[in-house]
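FYI, side chains are in, hydrogens and waters are out, and symmetry mates aren't considered; it's all heavy atoms of this structure. Residue numbers start from 1 in every chain, and the chains themselves are labelled A, B, ... in the order their sequence lines are given, proteins ahead of strands.
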Amino acid sequence: MVSLWKIFWIFAKIGAFTIGGGIPMIVAIKKELVERKWLNDEDFVDIITLAQTAPGLFAVNIAILTGHRLRGTKGSVTATVASCLPPFLIILLVAMFFTSFKDNEYVIKAFKGIRPVVVALIGIPMIDMLKATKMRWWSWIIVISSMLLVCFLSVSPIYILICVIVMAAFVSWYNNRKEAEK
Amino acid sequence: MIFVELFLTFFLIGMFTIGGGYAMLSLIQNEVVSVHGWITDAMFTDIVAISQMTPGPIGINSATYIGYEVLSQQGASEFMCVLGSFTATFAVVLPSFIIVLMLCKVYEKWKDHYLFKGIMSGLKPATLGLIGTAALSLATPENFIDWKSFVICILAFIALYFKKVGPFGIIGLGALVGLLVY
């Protein structure tokens, strides 16, 4: 059985060195867990799929699921805390440090250049996902109308997600019934 | 009380984070900037930039940072700021922790159910829309101060799209350009 300390150590390491979100983390986890034979390939694919389906952050979901597979709920808690701890501590340091430098002339100038870059940085994953998703006519309606509603009418994204869940459930229920009648 | 509000806000954000950290950004922005007015759009953008440069999932990083900043804006002591960080981070992880553990148990049985599949196919484009929203709603006058900002954004977009630079590199370049032109 894998010890909780080992789980903690590995996920802390993964949390501390993952820059750029979930995808690089998949590579790190595969290396640490599958190559040590703690997980087999099938477990690994299941965990990735479930982590993407469930709400929450991909990286954290992977920690929750892997911890669960290895040591049940205890393992889950350990892996989750371990993967959140390094980023938490690093950000705390940055926040303390940055507050005292925020009004520095050069810092202000640098951030004037950084802000437009951030907008581009967020735009890119959307393009990548658009390419990876099979888009139908109604997918475009959902994409565009959710953008318009949030940006221009300040509707909370939460309401949009609830509406989409209810509508999608209804449509698939209806389609299923129609097929059953045939 | 501010801690209760922080907890509830980030709990809600964590619960409705579907599609990962980037989709979460529009939720965070809506709640933290628009609804509560805890921080400004420019500050939010800076936090996103810093979250992207530091290791760890962007959702954890920004929750930690915003928790700190909300308290700091109100003139709280360093210790209270750290407590704010902890509250926001804990609250953002908690819902997915509960939901993922429950999903673990029913996923095998449900993953091929037509309702589940239908809901997922509706949520995918909604997630895309929310990521687009995060990018669009950061294109504010605060972040785009003049024509140079637009040029920086477009150049960054092109560089990222053709995978010439990573997220870390592009933020560094943005800072450099900001120092040179402003």
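Shown here for B:S85 and A:L92, the closest heavy-atom pair between the two residues is OG-CD2, 3.3 Å. The shortest heavy-atom contact between B:P55 and A:I90 is CG-CD1, 3.5 Å. Summarising the geometry of B:L115 relative to A:S172, their closest heavy-atom pair is CD2-OG, 3.8 Å, with the distance given to 0.1 Å. In terms of heavy atoms, B:L179 sits closest to A:Y106 at CD2-O, 3.3 Å. The shortest non-hydrogen separation linking A:P157 to B:L27 is CB-CD2, 3.9 Å. The two residues B:T133 and A:C151 make their nearest non-hydrogen contact at CG2-SG, 3.7 Å.
Between A:V94 and B:M53, every side-chain heavy-atom pair lies at or beyond the 4.5 Å cut-off. Contact of the B:T17 side chain with the A:P55 side chain is not registered, since no non-hydrogen atoms from C-beta on lie closer than 4.5 Å. Counting only heavy atoms from C-beta outward, the side chains of B:E31 and A:S156 approach each other to under 4.5 Å. Side-chain contact between B:S96 and A:N61 is present, with at least one heavy-atom pair separated by less than 4.5 Å. B:F157 places none of its side-chain heavy atoms less than 4.5 Å from the side chain of A:V119. The closest side-chain heavy-atom distance from B:F144 to A:P116 is below 4.5 Å. Between B:L123 and A:L161, some side-chain heavy-atom pair lies under the 4.5 Å cut-off. For the pair B:T54/A:I91, a side-chain contact is recorded, criterion being any heavy-atom separation below 4.5 Å from C-beta on.
Looking at A:V77, both its backbone and its side chain come within 4.5 Å of chain B, counting heavy atoms on both sides. B:Y65 touches chain A through backbone and side chain together, each having a heavy atom under 4.5 Å away. If you measure heavy-atom distances from B:M43 to chain A, the contacts under 4.5 Å come from the side chain alone. The contact between B:V82 and chain A is made by backbone and side chain atoms together, counting heavy-atom distances below 4.5 Å. Only the side chain of A:I127 has a heavy atom closer than 4.5 Å to any heavy atom of chain B. Contacts between A:W138 and chain B at a heavy-atom distance below 4.5 Å involve the side chain alone, from C-beta outward. With a 4.5 Å cut-off on non-hydrogen atoms, B:T45 touches chain A through its backbone and its side chain both. Heavy atoms closer than 4.5 Å to chain A are found nowhere in B:I154, neither backbone nor side chain. When heavy atoms are compared at a cutoff of 4.5 Å, B:Q29 does not approach chain A at all.
A:N175 contributes atom CG, which lies 10.0 Å from atom OH of B:Y114 (distance to the nearest 0.5 angstrom). The CD1 atom of B:I171 lies 5.0 Å from the CG atom of A:L121; values are rounded to the nearest 0.5 Å. Rounding to the nearest 0.5 angstrom, the gap separating the CD atom in B:Q52 from the CD1 atom in A:I114 is 11.0 Å. We find the CZ-OH distance between B:F16 and A:Y159 to be 9.5 Å, quoted to the nearest 0.5 Å. Rounding to the nearest 0.5 Å places CD1 of A:I160 at 9.0 Å from CG of B:N30.
Heavy-atom pairs under 4.5 Å with chain B were tallied for A:P87, A:A51, A:A110; the largest tally goes to A:A110. Among the candidates A:S145, A:S76, A:P86, A:S154, the residue making the largest number of heavy-atom pairs closer than 4.5 Å to chain B is A:S76. Of the listed residues (B:I18, B:I99, B:L138, B:L101), the one with the most heavy-atom contacts under 4.5 Å to chain A is B:L101. Residue with the most contacts toward chain A among B:I158, B:I119, B:L128: B:L128 (heavy-atom pairs, distance under 4.5 Å). In terms of non-hydrogen atom pairs under 4.5 Å with chain A, the most contact-rich of B:L130, B:V48, B:L176 is B:L130. Taking chain B as the reference chain and counting heavy-atom pairs below 4.5 Å, the highest number among A:V118, A:I165, A:I158 is found for A:I158. No other option in A:H68, A:M126, A:M167 has as many heavy-atom pairs under 4.5 Å with chain B as A:M126. Put simply, of B:S121, B:P95, B:A63, the one with the most heavy-atom pairs under 4.5 Å next to chain A is B:S121. Contact count versus chain B (heavy atoms, under 4.5 Å) is highest, among A:G113, A:A169, A:C163, A:A54, for A:G113. The choice from B:D46, B:I152, B:T89, B:V100 that makes the most heavy-atom pairs within less than 4.5 Å of chain A is B:D46. Among A:G123, A:A95, A:C84, A:A168, the residue making the largest number of heavy-atom pairs under 4.5 Å with chain B is A:A95. Your options are B:A42, B:S51, B:S34, and the one with the most heavy-atom pairs under 4.5 Å with chain A is B:A42.
Counting non-hydrogen atoms of neighbouring residues, nucleotides and ligands closer than 6.0 angstrom, the CE atom of B:M80 reaches no more than 12 such neighbours. Within 6.0 Å of atom NZ in B:K148, more than 12 heavy atoms from other residues, nucleotides or ligands are found, so the atom counts as buried in its surroundings. A:R136 CZ: 12 or fewer foreign heavy atoms inside a 6.0 Å radius.
Linking Ile, Leu, Val, Met, Phe, Trp and Tyr residues whenever their side-chain heavy atoms come within less than 4.5 Å leaves A:F170 and B:F116 in two separate clusters. Side-chain heavy atoms closer than 4.5 Å link hydrophobic residues (I, L, V, M, F, W, Y) into clusters, and following such links, even through other members, never connects A:V171 to A:V143. If you chain together hydrophobic residues whose side chains sit under 4.5 Å apart, B:M1 and B:V32 fall into the same group. Placement of A:I142 and A:M135 within a single hydrophobic cluster is found when ILVMFWY residues are connected by side-chain heavy-atom separations under 4.5 Å, directly or transitively. Criterion: ILVMFWY side-chain heavy atoms under 4.5 Å apart, direct or through other members. Under it, A:W9 and A:W5 are not part of a common hydrophobic cluster.
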(message) Walk me through whether A:R115 and B:I145 qualify under side-chain contact (heavy atoms from CB on, under 4.5 Å).
(response) CA-CA 10 Å; A:R115 286 176 194 145; B:I145 40 178; over 6 Å; no
(request) Take A:F111 and B:I50 through the side-chain contact (heavy atoms from CB on, under 4.5 Å) test and state the conclusion after the steps. (result) CA-CA 10 Å; A:F111 270 91; B:I50 291 167; 4.1 Å; yes
(message) Working note: B:F97 + A:V60, criterion side-chain contact (heavy atoms from CB on, under 4.5 Å); need CA distance, chi angles, decisive distance, verdict.
(response) CA-CA 8 Å; B:F97 191 81; A:V60 178; over 6 Å; no
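Under the side chain to side chain contact (heavy atoms under 4.5 Å, CB included) test applied with A:V117, the options B:V177, B:L173, B:I170 reduce to a single match, B:I170.
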